[in-house]
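Read the numbers this way: they start at 1 and go in the same order the structure lists the ligands and their atoms. If you read the sequence from its start, that first residue is 1, and numbering goes on from there.
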Amino acid sequence: MEDRLGLVKSTIKGYFDDLNNPIFDTFRDSFSFGKMLRSKLIFAIAPDSTLSVRLCAIVELIHFASLLHDDVIDNSLVRRGKASINAKYGNKNAIMLGDILYSKAFYEISCMDSRLSQIISNCVLKLSLGELEDVSLGESFNLDSAKYLQMIEHKTAALIEASAECAGILKGEKGDKYRIYGNSLGIAFQIIDDLLDITQDEKILGKAAFSDFKEGKTTLPYIYLYQKMQENEREQLLSYFKQDLDSKDKDWIKAKMDKYNIIEQVKEVVSNYGNKALNVLDYEDSNLALIMKDMLDREF
Ligand code: FPP
Ligand code: MG
């Protein structure tokens, strides 16, 4: 797998070379590759081929472009264990670099089979709508778990689902089974991400911890917590919304999460999505079952 991920990285470097732009070149060394979950997923489905490597490179570029914009929108200063691009070079550069990466990815996907370019371009539309929904939900304390699930399905699951479906097509299949699997994997991935924001620390996460609530994101643990709380506790939780919390406030929230068994309740939801994904798989898809398991067990 490492060899194949190396090929994806060198393909991306080749795409950067194609840009042939000295200004762009001053920024490119600050980019870092993340966990490359989407590439691992594509390689678990698609045959070993140049087309699969190119699909991975395109998907990673789109993912990275979306994070460049997301960090501006969320005003996040740390990403992948380093200062975010907006923290290092300012919002204007982060936005323009996101546009460049996305445009290059768009050009490259347009050179591939039109079924792939349609799936990928449609999923970018969904993830952009998902980000819009995320920002809109963040304007007030959101108690509607259906709205939260719809938003993460767009913001996160769309690209994971599209990656799996395109990989299925490269394998010569229709891709439906992989799309359904990718959808549940993507939703489970984001719920875990939102859980880790509360339970994990910055060093391990590679980005700021306990930042969702401050950014106005009422993620599933907060929705469930509010539902279970007594009136005086609810008032206190609401007073923390969008505020800079000190360690005492964070400990209070964590203690209430413990008191009401919220983490377990959220893990149960995640595990239901996991089972939904596993149910569509066949005997020969054991590597996809393993990806799902690793994702459920992940700590960052
Ligand atoms: C991270 O969410 C954000 C996303 C998964 C999607 C962001 C999408 C866009 C900005 C629109 C598309 C833009 C382009 C250029 C293709 P998060 O903030 O919950 O996660 P985090 O904690 O990792 O920041
Ligand atoms: Mg963010």
Side-chain angles (χ1 to χ4, degrees), residues 31-38 58-87 91-109 117 119-138 142 147-163 182-183 185-202 204-223 242 295 298 300:
F31 298 163
S32 47
F33 295 97
K35 297 185 280 288
M36 301 181 82
L37 164 81
R38 292 153 190 82
I58 290 163
V59 165
E60 295 297 341
L61 275 191
I62 293 172
H63 175 55
F64 191 46
S66 77
L67 293 182
L68 287 175
H69 285 190
D70 178 69
D71 282 341
V72 172
I73 293 165
D74 291 343
N75 195 21
S76 298
L77 305 179
V78 184
R79 170 73 65 187
R80 295 174 175 171
K82 295 202 289 191
S84 59
I85 298 295
N86 47 307
N91 287 347
K92 286 186 188 175
N93 285 312
I95 290 171
M96 292 183 291
L97 290 167
D99 290 340
I100 292 164
L101 299 194
Y102 174 59
S103 308
K104 178 62 176 162
F106 191 68
Y107 170 75
E108 292 298 332
I109 198 70
S117 55
I119 292 167
I120 295 292
S121 52
N122 194 40
C123 98
V124 177
L125 182 62
K126 281 193 204 155
L127 66 116
S128 305
L129 289 170
E131 187 78 349
L132 189 70
E133 289 160 5
D134 198 10
V135 171
S136 162
L137 285 178
N142 169 51
K147 280 188 186 158
Y148 161 86
L149 289 170
Q150 163 88 292
M151 178 274 287
I152 67 170
E153 184 168 6
H154 288 154
K155 178 180 79 166
T156 307
L159 186 55
I160 296 178
E161 179 183 322
S163 303
N183 177 275
L185 178 75
I187 295 174
F189 178 87
Q190 186 61 48
I191 300 177
I192 298 248
D193 212 64
D194 294 343
L195 206 51
L196 292 173
D197 178 80
I198 297 162
T199 58
Q200 201 56 282
D201 59 35
E202 173 164 339
I204 297 179
L205 286 180
K207 59 185 182 185
F210 233 96
S211 57
D212 284 343
F213 209 45
K214 183 182 150 199
E215 287 168 11
K217 297 180 184 184
T218 319
T219 57
L220 206 54
Y222 291 98
I223 297 176
K242 288 196 183 183
M295 215 278 300
R298 79 192 174 105
F300 61 92

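- Side-chain atoms of Arg38 never come within 3.5 Å of backbone atoms of Val59 as a donor-acceptor pair (strictly under, hydrogens ignored).
- Neither the backbone nor the side chain of Asp212 has a heavy atom within less than 4.0 Å of ligand 1.
- With sequence neighbours left out, the salt bridge (charged side-chain N to carboxylate O under 4.0 Å, His left out) criterion links Glu215 to Lys217.
- Atom 7 (C) of ligand 1 has Glu131 OE1, 3.3 Å as its closest protein atom, hydrogens excluded (heavy atom only).
- The residue from Lys207, Arg79, Lys126, Arg80 that puts a heavy atom closest to atom 24 (O) of ligand 1 is Arg79.
- Residues Tyr148 and Asp194 bring a donor and an acceptor atom of their side chains to less than 3.5 Å of each other.
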I would like to know whether Ile85 and Phe31 meet side chain to side chain contact (heavy atoms under 4.5 Å, CB included); could you show each step before the answer? CA-CA 8 Å; Ile85 298 295; Phe31 298 163; 3.9 Å; yes
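- Residues passing the salt bridge (charged side-chain N to carboxylate O under 4.0 Å, His left out) test with Glu108 are Lys104, sequence neighbours excluded.
- Protein N/O/S atoms closer than 2.8 Å to the Mg ion (ligand 2), listed by chain and residue number, are Asp70 OD2, Asp74 OD2.
- Side-chain atoms of Asp197 come within 3.5 Å of backbone atoms of Ser211 as a donor-acceptor pair (strictly under, hydrogens ignored).
- Atoms of ligand 1 found under 4.0 Å from any heavy atom of Gln190, numbered from 1 in the order shown, are 19 (O).
- Each of the following atoms of ligand 1 lies closer than 4.0 Å to a heavy atom of Lys217: 17 (P), 18 (O), 19 (O).
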Please test Ile120 against Ile62 for side chain to side chain contact (heavy atoms under 4.5 Å, CB included), starting from the C-alpha separation and ending with a verdict. CA-CA 9 Å; Ile120 295 292; Ile62 293 172; 3.5 Å; yes
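- Side chain of His69 to main chain of Ile95: a donor-acceptor pair is present (N/O by atom type, distance under 3.5 Å, no hydrogens or angles).
- Among all protein heavy atoms, the one lying closest to atom 16 (C) of ligand 1 is Val124 CG1, 3.8 Å.
- Residue His69 approaches ligand 1 through these ligand atoms, each under 4.0 Å from one of its heavy atoms: 10 (C), 15 (C).
- For atom 10 (C) of ligand 1, the nearest protein heavy atom (residue, atom name, distance) is Ser66 O, 3.4 Å.
- Judged as a salt bridge (charged side-chain N to carboxylate O under 4.0 Å, His left out), and not counting sequence neighbours, the contacts of Arg298 are Asp193.
- Between the side chain of Thr199 and the main chain of Leu195, a donor-acceptor pair closer than 3.5 Å is present.
- When Lys155, Glu215, His154 are ranked by how near their heavy atoms come to atom 2 (O) of ligand 1, first place goes to Lys155.
- For the pair Ser128 and ligand 1, a heavy-atom separation below 4.0 Å is found.
- Checked options Lys155, Gln150, Glu153; the residue passing with Glu133 is Gln150 (criterion: side chain to side chain contact (heavy atoms under 4.5 Å, CB included)).
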